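Accompanying notes for the structure given below.
Worth saying up front: this structure is predicted, and the values here are computed from it rather than measured. In the text below, chain A, chain B and the rest are named by the order of the sequence lines, each starting its count at 1.
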Amino acid sequence: MPEEKRSDHELIEATKNGDESAFTEIVTRYKSPLTNYLYRFLNDYEEAVDLAQETFVRVYFAIDRYHTQFAFSTYIYRIATNLAISEIRRRKRRRLFSISGLLGGEKDDGTEFEIPDDRALPENELLDNERDTQIARAIAALPEKYRIPIILRDIQGRSYEEVSAVMDLGLGTTKSRISRGRALLKEKLQEYLR
Amino acid sequence: MVNMPEEKDIEFADAELTNLLASIPKVSAPNDFEFRVSARIASTRTAARPRGLFGALRIAVPAAALLAVTATALMLNPYWSETATVSEPTEIAVAKKPVEAPAAVPGREIEMPPTTFASNGPSIQPERRMTADESLTSVSRGPSNDEAGTSFVESGTQGEKIYPRGINPNVDSRPVSPNETRTGISIRDILGQLGVSFSPTVNGLRVDSVSTNSVAARSGLITGDVIESLNGQRVSAETVLFGTFAAKRILVRRDGKAVDISLGR
């Protein structure tokens with residue numbers, strides 16, 4: 001009879017009690033979803049892997065502060081999101097350029113843009129056709145506030161409730177942002193929508 | 001009142017897009033992901049661990065060794081030593097009071113600047129040490145007012161004598177031993193510089209010769225004179241003078257008569 005799979009909370013408790021293999025199991029369970037999430041967020045595979053590892057390190061050293069009344073997946077996505085946002089802001093400071101400041105548009109009216117990252121995607125071999133490349137670039141060009149819920153909901157398959165918990169927003173605001181993000185994507189990906 | 005869209009409505013309206021997004025390939029983490037996470041955790045744990053005494057020594061010992069090597073190199077470097085000496089402020093020690101004022105002969109005034117000698121001890125024995133009210137001060141080097149140009153020490157303004165660096169007649173830094181042989185200036189050297197060569201006799205020092213155009217010759221000392229005292233102090237062939245003093249007068253016996261000769265002309 002196969003051994004029953006332990007829940008996230010059980011693994012966390014075991015880790016708190018010094019079971020290093022339990023934490024390794026958590027890493028194995030979440031490493032690919034987290035890497036994929038960060039990859040779609042940053043459009044940079046190496047950076048995504050680096051931040052995913054950093055996420056697990058932070059989880060490990062803060063594991064005593066984790067309360068099991070929250071879903072572990074929410075907790076770990078939230079940490080990863082914060083790290084990714086910090087990374088993007090660091091990139092912005094490096095570029096010293098933001099078109100949203102020049103336009104001066106209202107933040108929530110959809111006139112906020114980010115400069116798409118036109119660098120050649122190092123993971124081109126992973127995208128087997130032009131369509132995937134265009135989708136990846138369209139997602140990466142979304143403003144953060146739309147990009148995060150779109151990736152979590154439509155690519156990672158998280159529930160609306162979980163997305164709102166990760167973003168620390170109300171459910172209505174989360175749905176609104178998802179809706180707005182999809183509208184922006186439809187405009188960019190019209191040729192693939194029939 | 002704004003009606004929130006139902007999830008089913010949203011998904012239905014956006015089904016085509018969500019299917020498109022769900023169709024893009026997902027990337028996976030590298031195979032060594034767990035190993036790299038473990039390595040990072042170990043590295044972070046090591047960095048956060050307090051170093052303790054061993055950790056402090058790991059820094060302190062090389063730092064001390066580096067400091068010692070640097071200090072030794074600087075001390076052994078002659079260029080550095082010279083530079084350090086030159087860069088010091090030009091100051092010289094000054095004794096506020098004259099070290100020794102030889103007793104003046106009543107009724108006679110010093111007409112010429114004295115001929116001054118210096119050694120590493122007080123001029124007239126016994127040696128004396130500087131008292132508390134004779135504290136040393138430092139002044140900038142000024143022009144010498146020793147017009148005779150025969151002084152071994154420089155004279156400052158307002159009657160203060162300025163001694164070259166290293167010569168301080170008031171201070172003997174060495175411990176004094178009764179049996180210690182101290183470096184002084186012999187009477188033969190002093191008289192030799194005045195231009196006198198002599199032979200010791202029972203009554204004093206008989207002048208054998210006087211150099212032409214010397215201080216002694218210009219002052220009137222002649223061959224055959226018997227020198228009895230210098231600045232009022234009786235002298236013999238063994239007399240050794242310490243410190244700084246001015247050779248001002250010399251008492252000789254000439255043809256049985258005492259003759260007081262003022263030096264410096």
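- In this structure, chain B has heavy atoms under 4.5 Å from both the backbone and the side chain of A:I155.
- Both the backbone and the side chain of A:E54 come within contact range of chain B, each with at least one heavy atom under 4.5 Å from a heavy atom of that chain.
- Within residues 57-65 of chain A, the residues having any heavy atom closer than 4.5 Å to a heavy atom of chain B are A:V57, A:Y60, A:F61, listed by residue number.
- Residues passing the side chain to side chain contact (heavy atoms under 4.5 Å, CB included) test with A:R89, sequence neighbours excluded: A:I85, A:R93, A:E144.
- Counted within 6.0 Å of CG on A:N17, heavy atoms from surrounding residues, nucleotides or ligands total more than 12; the atom is thus considered enclosed.
- Side-chain contact between A:L185 and B:L20: absent, with no pair of heavy atoms (C-beta onward) separated by less than 4.5 Å.
- Note that CZ of A:R182 is 13.0 Å distant from CD of B:E16, once rounded to the nearest 0.5 Å.
- In this structure, the ring-ring contact (aromatic ring centres under 6.0 Å, His included) partners of B:F33, at least two apart in sequence or on a different chain, are A:F56.
- Within the structure, no pair that satisfies the salt bridge (Lys or Arg N to Asp or Glu O under 4.0 Å) test touches residues 60-70 of chain B, not counting sequence neighbours.
- Of the atoms belonging to A:L34, not a single heavy atom falls under 4.5 Å from chain B.
- Residue contact with chain B, scored on non-hydrogen atoms closer than 4.5 Å, involves the side chain of A:F23 exclusively.
- For the pair B:K26 and A:T35, the minimum side-chain heavy-atom distance is 4.5 Å or more.
- Using a 4.5 Å cut-off between heavy atoms, A:I151 does not touch chain B at all.
- Using a 4.5 Å cut-off on side-chain heavy atoms (C-beta onward), A:N36 and B:S28 make no contact.
- Contact of the A:I139 side chain with the B:I24 side chain is registered, since non-hydrogen atoms from C-beta on lie closer than 4.5 Å.
- A pairwise comparison of heavy atoms in A:K31 and B:P30 identifies NZ-O, 4.0 Å as the closest pair.
- For the residue pair B:S23 and A:R131, a side-chain donor N or O sits within less than 3.5 Å of a side-chain acceptor on the partner.
- When every heavy atom of A:S32 is checked against every heavy atom of B:A29, the shortest pair comes out as OG-N, 3.2 Å.
- The backbone N or O of B:T18 lies less than 3.5 Å from no partner atom in the side chain of A:D154, so there is not a single donor-acceptor pair.
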